[in-house]
Structures are given as structure tokens and as C-alpha cells.
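Below you'll find the structure, written out as C-alpha cells, and then a few comments.
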Amino acid sequence: MMKVFRHKAYFTGVHVMLFVSLLTILYAYSPTIRVKVKEIIDPADKVYTIAHRGASGYAPENTIPAFELAAEMKADIIEIDIHLTKDGIPVVIHDDTVNRTTNGKGYVKNMTLEQLERLDAGTWFNEAYPMFAREKYAGTTIPTLDQVFETFGKEIKYILEIKDSAPGAGIETLINESIQKYDLEDVVAIHSFSAGNLRKFHKINPDIPLYQLVWYDYNAVRVSETYLKDIKSYAVGISPNFQGISSAYVAQVKNFGLKVMPYTVNYQLNMDKAYSWGVDGVYTNFPDRLLEVIHTNRENAQW
């Protein structure tokens, strides 16, 4: 009888050891499993819902109505794009021309604020997306950065994208002056595709968190540690295009001590995937959809 017991104990012990070994191997070689294990042991306190150009799926992008709707939907952050006018005023618009999102034509940098304020930045949206059209959108104007800060103050967080990379334009200084004018250093972050712009801003105000925007034409499984070390010298994280990354990419960047916040994710299937990878935030035109995904995941995990 004792021999049978010992045999069973030995048999069970061997299988337990094999199971543990298998889990160890899977953990070592599977970034997805590493991310999931980390979530179970140390779940993320917050996955930020970042309203890309405001709730731009439902309202004209980069306008006060789009930002108001994002706030109503309880988005954590509104992302806005900044260009400089001819007379050196930071204004909120994505493109370097007004052609796509207004009834005007021309480069933002060649127009004064007075000229920009005459343009209609909302009617185009009503025509392009009749299912979300609202009468109040017609006649909406391009806001200045100051107008956005005056309207929302500290009620919401901001990520500002520096779009103007013209040498000597001084856009970094002007943006910082606006942030300090409204005492918003605790609720503002900056991102840009230009590492040069970010480095300039970091020298001006090292207390503002910066994110390096990147675009990958291919699926980036890994990036060099030299590259990550360089980014970490001035930024707290990377904002890559969602279609160009993977769970392995997210695991590597986060293990290096940088945050990962992919853009622009509008379908809930992809939102769910990004969440499972352990990202720190997601840019979306539809913040209500992302909030639903986050709520469902946390509810299922009983957090």
C-alpha cells in the first residue's frame, strides 16, 4: 500500500513539475502571456480613454462641440492639434491647411487669427456625416488654444499635438505660456511626431510629460533598446499606430519603463485587443465605445 502511495505521489509530483516548467517556458517566450500575468498580479490602475480630436466620430473634429461631447461621455483626455497662425496664435486644427475642415482655402500659417475666425468649421461635418449632423455644428469656428483652456480648465486632461515644425516658429514656447497662464501643468501632456519639437519643449518645461508619436508601415514586434533609451531621455511614453504594433511590442516597451498609448482605435474588437495587451491608454474618435470595452473587461475580471 505504501509503495502505491509513493508511486502516486511521485507521478503527481512529476506532472506538477512538468506543468510548472511548461508555464515557465510559455511565460518566458510569450509576451501576451507575460502581459496577462502582469495584469492579474498587478492590474493597471487606469487605461485612459483619449478622445482623438475630441469625440470626432460624432462632432466636427478639433472644435468646442467635439470637446464638450467628449467631456459629456466621460473621456479622460481630449487630444487636440496645434498650429500657429500668421500672427503667432496657437489654434486648434489638424491639417496645415483649412481646406478639409472648413469652407475656406489656404495654409493656416499664412492666415491671421481674424481670417481664421471667419471660417465655418462645422458645416462640412454635417454634410459628410448626416447621421450625426446637428444644426449647432454649422458655423462652428476654429478655436484658439486659449479658448479651449478657458472653456474646460481643469475639468478634463489634455494631450496637445505640436503640428508646426517650422524652424524658429517658437510654437513650443507659446504653448508652454498658455499652459502656465491657465495653471494647467498637472493636466497637460504633449506629443508630436517630431522628436526635435519634443526635445525643445522638454528643455523649456521638463515637468510636462511627453509622448513620441510614431508610425509603422509594418508590424513592429520589437524595437532596439538604443531607440527606447533615446526616447526615454525626453519622453515618458510612445504613441504608435495600433495597426503597426503587437502584444510583444507593448510588453517590450512597458518593460523598458515607457508607457504605450496607441492610436486611432475605433472598432471595439481592436479596443478589446489593445486592452488585453496592457496598453496605458487608447486614442479613439468614439470614446463611449472604448469606455464600454473597459467597463466590460473590468466587470468580467471582477476588479
Side-chain angles (χ1 to χ4, degrees), residues 44 46-63 65-83 92-96 100-101 121 124-125 128-129 131-132 148 156-163 188-194 197-198 209-220 223 231 235-247 249-250 253-254 258-295 297:
K46 188 72 176 178
V47 178
Y48 287 100
T49 298
I50 308 166
H52 180 244
R53 308 177 198 173
S56 56
Y58 302 109
E61 65 179 63
N62 278 320
T63 63
F67 302 145
E68 288 175 336
L69 187 55
E72 288 175 17
M73 290 179 173
K74 307 300 182 184
D76 300 299
I77 302 169
I78 55 174
E79 186 261 357
I80 62 183
D81 304 288
I82 310 296
H83 280 279
V92 180
I93 184 170
H94 178 271
D95 300 356
D96 57 359
R100 181 177 63 87
T101 57
W124 73 271
F125 180 87
Y129 305 101
M131 70 289 289
F132 298 125
V148 174
I156 198 165
K157 292 181 171 65
Y158 310 85
I159 291 182
L160 315 180
E161 180 172 349
I162 300 177
K163 302 293 289 189
V188 172
I190 305 289
H191 68 184
S192 179
F193 283 99
S194 169
N197 285 131
L198 293 177
L210 309 178
Y211 291 85
Q212 180 66 61
L213 281 167
V214 294
W215 172 271
Y216 296 109
D217 291 321
Y218 55 90
N219 190 271
V223 287
I231 289 179
V236 300
I238 300 177
S239 293
N241 56 312
F242 172 76
Q243 300 297 342
I245 63 172
S246 63
S247 60
Y249 177 97
V250 174
V253 175
K254 287 176 68 72
L258 290 166
K259 295 182 180 180
V260 183
M261 302 201 298
Y263 67 90
T264 302
V265 189
N266 290 326
Y267 297 105
Q268 288 187 311
L269 180 65
N270 289 334
M271 292 173 182
D272 189 70
K273 185 183 292 186
Y275 184 93
S276 72
W277 290 349
V279 300
D280 298 283
V282 176
Y283 294 80
T284 180
N285 298 344
F286 302 94
D288 56 334
R289 296 180 186 176
L290 177 58
L291 286 165
E292 183 179 334
V293 167
I294 293 171
H295 175 75
N297 272 279

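Being a predicted model, the structure only gives us computed values, none of them experimental. Along the sequence shown, the residues carry numbers beginning at 1.
Screening residues 279-288 for salt bridge (charged side-chain N to carboxylate O under 4.0 Å, His left out), with sequence neighbours left out, gives K254-D280.
When atom types are taken as modelled, the side chain of S192 and the backbone of I162 share a donor-acceptor pair closer than 3.5 angstrom. The backbone N or O of E161 sits nowhere less than 3.5 Å from a side-chain atom of D81 that would complete a donor-acceptor pair. Formation of a donor-acceptor pair under 3.5 Å by the H83 side chain with backbone atoms of H94 is found in this model. Proximity of a side-chain donor or acceptor of E79 to a complementary backbone N or O of L160 within less than 3.5 Å is not detected.
Here K163 contributes atom NZ and I93 contributes atom CD1; the two are 10.5 Å apart, rounded to the nearest 0.5 Å. Distance check: L198 CG to I190 CD1 gives 8.5 Å after rounding to the nearest 0.5 Å. The distance from atom CG of N62 to atom NE2 of H52, rounded to the nearest 0.5 Å, is 8.0 Å.
Nearest heavy atom pair, residue G281 against residue P262, reads O-CD, 3.1 Å. In terms of heavy-atom proximity, A55 sits nearest to M73 at CB-SD, 4.3 Å. Pairing each heavy atom of A51 with each of P287, the nearest pair is CB-CG, 4.2 Å. Scanning all heavy atoms of the two residues, the minimum distance from T63 to A121 falls at CG2-O, 4.1 Å. Residue A59 comes nearest to F125 through the heavy atom pair N-CZ, 3.3 Å, listed as atom of the first residue, atom of the second, then distance. The two residues A70 and I78 come nearest to each other via the heavy atoms CB-CG2, 3.8 Å.
Looking at residues two or more places apart in sequence or on another chain, you find no salt bridge (charged side-chain N to carboxylate O under 4.0 Å, His left out) involving E68. Among residues two or more places apart in sequence or in another chain, the salt bridge (charged side-chain N to carboxylate O under 4.0 Å, His left out) test is passed with D76 by K46. With sequence neighbours excluded, no residue forms a side-chain hydrogen bond (donor to acceptor under 3.5 Å, both in side chains) with Y263. The side-chain hydrogen bond (donor to acceptor under 3.5 Å, both in side chains) search around D95 returns R100, not counting sequence neighbours. In this view, Y283 and H191, S239 satisfy the side-chain hydrogen bond (donor to acceptor under 3.5 Å, both in side chains) rule, not counting sequence neighbours. In terms of the ring-ring contact (aromatic ring centres under 6.0 Å, His included) criterion, F67 has no residue partners (sequence neighbours excluded). Annotation: ring-ring contact (aromatic ring centres under 6.0 Å, His included) contacts of Y48 (sequence neighbours excluded): none. Not a single side-chain hydrogen bond (donor to acceptor under 3.5 Å, both in side chains) links N219 to another residue, sequence neighbours left out. In this view, A189 and I159, P209, Y211 satisfy the side-chain contact (heavy atoms from CB on, under 4.5 Å) rule, not counting sequence neighbours. Every ring-ring contact (aromatic ring centres under 6.0 Å, His included) that F132 has, sequence neighbours left out, goes to Y58.
Within 6.0 Å of the OH atom in Y216, the count of heavy atoms belonging to other residues, nucleotides or ligands exceeds 12.
Of the candidates V253, V250, I245, I238 forms a side chain to side chain contact (heavy atoms under 4.5 Å, CB included) with just one, namely V253.
Here the side chains of L258 and V260 are not in contact, with every heavy-atom distance at 4.5 Å or above. In this structure the side chain of V92 reaches within 4.5 angstrom of the side chain of I82, judged on heavy atoms.
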Cut-off 3.5 Å, no hydrogens considered: what does the side-chain donor-acceptor table look like for residues 264-271, sequence neighbours left out?
unit_1 : atom_1 : unit_2 : atom_2 : d
N266   : OD1    : T284   : OG1    : 3.2
N266   : OD1    : N285   : N      : 2.8
Q268   : NE2    : R289   : O      : 3.0

